[in-house]
Amino acid sequence: MTTFANKVRDGKAAIAERWHNAPKWVRWAAIGAIIVFFYALPNKEFYQYLGPIPTTESNFGQVLFTVSIYVLLAVGLNIVVGFTGLLDLGYFGFYAVGAYTVAVLTSPGSDLKTLWPWLAALPLAIGVTMISGVLLGTPTLRLRGDYLAIVTLGFAEMIRIAATSSEFLKGQRGMNQVPHPPGSYPDGKPIFGVLDPRPYYWLVLTLIILVVLGVRNLTRSRVGRAWVSIREDEDAAQLMGVPTFKFKLWAFAVGAAIGGLAGALFAGKQNFINSQSFELLNSIIILAAVILGGSGNIVGAIVGGGLVAYLIERFRGIEILGVQLYEYRFLAFGLVLVVMMIFRPQGLIPNRRRAAEFKDRRKEVIVGG
């Protein structure tokens, strides 16, 4: 078993080295091919050749839209948890703020007399969510570890309870007729309708690419280096002159903005939202997705978010020995997390620094044992 594990590890290292040593045009061509693959994925003419990958008991295009939303959320949360090292258990609260902002501004079911177009409400939703991140972070980011986690957990529950009990937000009755994103085909038919989820998936996929490029540039800037220094040792970073509170607030604001963007897209697609759409369990799932994929790595967050959302839907309709697997999907998900934390705590695709840290810790355990 040890020999097999060593061969797998050596093979992965060889592939990684070959990738990093490949010419730049080869890497860009490979990335371009992957992007084309995902744009083509919701077309039945394409995915019918992918064997068991497409779901059978639900609309595959709808599943892909859900997966893309989870990926966008995982990329946003990865800024807070992965790059900055802040434990956030209430990230779905920002998602709810973005969704409700769009719904209140655009839905005929809201109490506003003048309604906004969806496209005008989108940047405002992102701004409101970013402000909510700053308002949450300003009094709480001096806390660390479990204390910060409890505060963020309370924030998500506050948003959900406020949405449930507030007449302005319509509680469990919710808001309907939230408009779809604008756009139409040459024949006048709307691009974003109710029946076809593919345009929404393509829209979110395009935004994911733009967000990933922006986050990648941020992580390679002074801001990103400050985030990593805070994650590694906040006290040392502060002694070296890094304004840690300022950059933690930046992480909260940027992560919240991405969460708000995802919520606004969700509201535009669903055409209806209520307080039951934003349960605390979703925050835990997004956090688990980031850890599963590889905290601190953008590719890892994408893989984790996509894999978690896809597997939850893939269990639908599968029956073994008379048992519907979909009813036990979270049990299976929890078991997978336990196994991952035992055998690969750094995640499926960790960044180099975290992989090296876990490797050093493993050596210390072996030597100490």
Side-chain angles (χ1 to χ4, degrees), residues 13 16 20 74-91 94 130 133-155 211-212 214-259 283 286-301 304 340-341 344-369:
H20 289 293
V75 171
L77 182 58
N78 190 48
I79 294 174
V80 180
V81 175
F83 293 135
T84 319
L86 305 174
L87 186 54
D88 186 351
L89 293 180
Y91 188 69
F94 299 123
M130 182 178 285
V134 173
L135 293 176
L136 174 64
T138 300
T140 62
L141 283 178
R142 303 188 190 281
L143 303 173
R144 300 185 188 181
D146 298 340
Y147 301 102
L148 179 61
I150 292 171
V151 170
T152 55
L153 183 69
F155 165 74
V211 168
V212 166
V215 172
R216 183 173 175 269
N217 289 334
L218 261 181
T219 56
R220 297 187 174 191
S221 68
R222 176 171 173 261
V223 175
R225 291 191 294 271
W227 286 343
V228 172
S229 67
I230 292 170
R231 183 190 69 198
E232 297 302 317
D233 192 328
E234 185 174 344
D235 293 328
Q238 196 162 12
L239 288 173
M240 293 297 294
V242 176
T244 56
F245 179 78
K246 170 186 171 183
F247 284 111
K248 287 196 294 184
L249 206 57
W250 260 105
F252 246 59
V254 174
I258 296 173
S283 289
I286 297 299
L287 177 61
V290 172
I291 296 172
L292 178 67
S295 179
N297 187 2
I298 297 176
V299 177
M340 278 292 299
M341 292 305 100
R344 194 170 176 80
Q346 68 270 39
L348 292 173
I349 310 177
N351 64 22
R352 292 183 178 182
R353 185 187 297 270
R354 286 185 65 82
E357 289 174 359
F358 278 101
K359 186 176 180 180
D360 293 340
R361 291 175 188 174
R362 192 176 294 112
K363 288 181 179 178
E364 291 176 2
V365 171
I366 294 174
V367 172

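Hydrogens, waters and symmetry mates are skipped; everything else that's a heavy atom, side chains included, is used.
- For Gly82 against Ser295, the heavy-atom pair with the smallest separation is CA-OG, 3.1 Å.
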Take Ile79 and Leu218 through the side chain to side chain contact (heavy atoms under 4.5 Å, CB included) test and state the conclusion after the steps. CA-CA 10 Å; Ile79 294 174; Leu218 261 181; 5.6 Å; no
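- Legend: salt bridge (Lys or Arg N to Asp or Glu O under 4.0 Å) pairs involving residues 145-155, not counting sequence neighbours: none detected.
- Of the inter-residue distances, the one linking Leu136 atom CG with Leu141 atom CG reads 7.0 Å to the nearest 0.5 angstrom.
- Side-chain contact check for Arg222 versus Phe247: some heavy-atom pair is nearer than 4.5 Å.
- Nearest heavy-atom pair, Gly133 versus Ala256, reported as atom, atom and distance to 0.1 Å: CA-CB, 4.0 Å.
- Residue pairs meeting the salt bridge (Lys or Arg N to Asp or Glu O under 4.0 Å) criterion with at least one partner in residues 241-258, sequence neighbours excluded, are Glu234-Lys248.
- Considering only residues two or more places apart in sequence or on other chains, Val134 meets the side-chain contact (heavy atoms from CB on, under 4.5 Å) condition with Thr138, Leu249, Ala253.
- With sequence neighbours left out, Arg220 forms a side-chain contact (heavy atoms from CB on, under 4.5 Å) with Arg216.
- Every residue two or more places apart in sequence or in another chain that forms a side-chain contact (heavy atoms from CB on, under 4.5 Å) with Ala289 is listed here: Val308.
- Thr244 and Ala237 make their closest contact through CG2-CB, 4.2 Å (heavy atoms, listed as atom of the first residue, atom of the second, distance).
- Every residue meeting the salt bridge (Lys or Arg N to Asp or Glu O under 4.0 Å) condition with Asp235, not counting sequence neighbours, appears here in chain and number order: Arg144.
- A heavy-atom distance below 4.5 Å is not found between the side chains of Phe252 and Thr84.
- The minimum heavy-atom distance linking Met130 with Ala257 is given by the pair CE-CB, 3.6 Å.
- Nearest heavy-atom pair across Gly137 and Phe245 is O-CE1, 4.0 Å.
- If you take CD1 on Ile286 and CG on Asp88, they are separated by 11.5 Å, rounding to the nearest 0.5 Å.
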Atom pairs and distances, donor-acceptor, side-chain atoms in residues 147-155, under 3.5 Å, two or more places apart:
from: Thr152; atom 1: OG1; to: Leu89; atom 2: N; distance (Å): 3.0
from: Thr152; atom 1: OG1; to: Leu148; atom 2: O; distance (Å): 3.2
from: Thr152; atom 1: OG1; to: Ala149; atom 2: O; distance (Å): 2.8

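- Here the closest heavy-atom approach between residue Arg231 and residue Phe83 is recorded as CB-O, 3.4 Å.
- Ile291 is linked by a side-chain contact (heavy atoms from CB on, under 4.5 Å) to Leu287, Met341, counting only residues two or more places apart in sequence or in another chain.
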